[in-house]
Amino acid sequence: MSARLGGGFLCLACIAMPIIIVDYLMIMSGAEGGAEITNVERARYAKSVFAAAARGWTFEVLAISLIAAASFILMTRPSRAGWALAAVGALVTMPMYPIMLGGYGEVFAQPDLNVDLFMVLRAISLIVFYVGQGLMMAGFGLVLFIELRSSDRLMPNWLYGLGVGANAIAGGIFLLLHFGLLNSFAIGGPFGLVGFAIMAVFGARLAL
């Protein structure tokens, strides 16, 4: 029963995440137009779309929480090392949401927009995001790699292989961003979406 609940949590979260990510990218597209955008312009745009972005973050923090819970539950499986890494990544990501929902909210609620404070909070949230998501996606990749080598497979081998590759690449790109070796996650976006989709299928198979 616990494994089925863990699979259900994982499935729900990994269905929600791509929807939330695509919605966020559409909302924030006006602030990601290139290096020429100034901090003032970025802060003003973020303030103008904060209500819409905050709606997505409100659901995203719940999805990440479900991933953490599922990872703890599924540590009873042979792929426990991957689940442990995914759980740590989810927990590292969690502080980002108070920063954005509470911190940005307070900055934008003030009569005078404090651009410097907004940029500080944004920089902190990006570090947390890159590290947390990098570890979480790498953990997903490790889970599928270990599960592929077991006799109790829940999906076709090709789907495991695709999931290992997509999650490993997405996790690697997040970590490269953390180390300053990349400037944009755009190249990793499709891999992340595929990675979440395959983990949703894996979770559904566990739940059923």
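This structure is a prediction, so every number in the text was calculated from the model and none was measured.
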Taking L25 as the starting point, is it possible to reach V49 by hopping between hydrophobic residues whose side chains are less than 4.5 Å apart? yes
CZ (R4) with more than 12 external heavy atoms under 6.0 Å: no
Relative to the ring of F50, is the ring of F108 parallel (under 30°), tilted (30 to 60°) or perpendicular (over 60°)? perpendicular
Quick check: do F191 and M137 have side-chain heavy atoms less than 4.5 Å from each other? no
Nearest-0.5 Å distance, CD1 of residue I124 to CE of residue M100: 12.5 Å
When you compare the side chain of L10 with that of F140, does any pair of heavy atoms fall below 4.5 Å? yes
Aromatic contact between Y130 and F179, with the criterion being ring centroids under 6.0 Å apart: yes or no? no
Give the cluster check for M94 versus V92: same hydrophobic cluster or not, with ILVMFWY residues linked at side-chain heavy-atom distances below 4.5 Å. no
Nearest heavy-atom contact between A63 and A13 is O-CB, 3.3 Å
Check whether any side-chain heavy atom of D23 lies under 4.5 Å from a side-chain heavy atom of R55, and answer yes or no. yes
pair I64-M17: side-chain heavy atoms closer than 4.5 Å: yes
Taking atom CG of L121 and atom CG of D116, what is their separation to the nearest 0.5 Å? 11.0 Å
Establish whether I20 and M26 are linked, either directly or via other cluster members, by ILVMFWY side-chain heavy-atom contacts under 4.5 Å. no
Value rounded to 0.5 Å, distance of CZ in R122 from CG in L117: 14.0 Å
Under a single-linkage definition using a 4.5 Å side-chain heavy-atom cutoff for Ile, Leu, Val, Met, Phe, Trp and Tyr, are F145 and F174 assigned to the same hydrophobic cluster? yes
Quick check on the hydrophobic clustering: are L175 and L177 connected, directly or via other members, by side-chain heavy-atom contacts under 4.5 Å? no
Identify the heavy atoms of L91 and A68 that sit nearest to each other, and give their distance. CD2-CB, 4.4 Å
Atom CZ in R44, atom NZ in K47: separation rounded to 0.5 Å? 9.5 Å
Please verify the inter-ring angle class for F118 with Y104; under 30° counts as parallel, over 60° as perpendicular, anything in between as tilted. tilted
Nearest heavy atoms of L206 and G7, plus distance in Å: CB-CA, 3.8 Å
First locate atom CG of L176, then atom CG of N183, and finally report the distance between them rounded to the nearest 0.5 Å. 11.0 Å
Would you name the heavy atoms of A166 and G195 that are closest together and state the gap between them? CB-N, 3.9 Å
Below 4.5 Å, heavy atoms only, C-beta onward: do I21 and F196 meet side chain to side chain? yes
Do M199 and L144 pass the side chain to side chain contact (heavy atoms under 4.5 Å, CB included) test, and can you show the C-alpha distance, the side-chain angles, and the key distance before you say yes or no? CA-CA 9 Å; M199 293 308 294; L144 296 179; 3.7 Å; yes
Kindly say whether L154 contributes a backbone atom to a donor-acceptor pair with the side chain of Y160 at under 3.5 angstrom? yes
Non-hydrogen atoms of V143 and S79 that approach each other most closely: O-CB, 3.8 Å
Distance, nearest 0.5 Å, that separates CG of L74 from CG of L5: 10.0 Å
Does atom CG of N157 have more than 12 heavy-atom neighbours, drawn from other residues, nucleotides or ligands, at distances under 6.0 Å? yes
Any non-hydrogen side-chain atom of D152 less than 4.5 Å from a side-chain atom of R77? yes
Give a yes or no on this: more than 12 heavy atoms of other residues, nucleotides or ligands lie within 6.0 Å of atom CD1 of I187. no
Please give me the minimum heavy-atom distance between G8 and A207, naming the atom from each residue. N-CB, 3.7 Å
Are any non-hydrogen side-chain atoms of I99 and F129 less than 4.5 angstrom apart? no
Examine the side chains of Y97 and E60 and answer whether a donor and an acceptor come within less than 3.5 Å of each other. yes
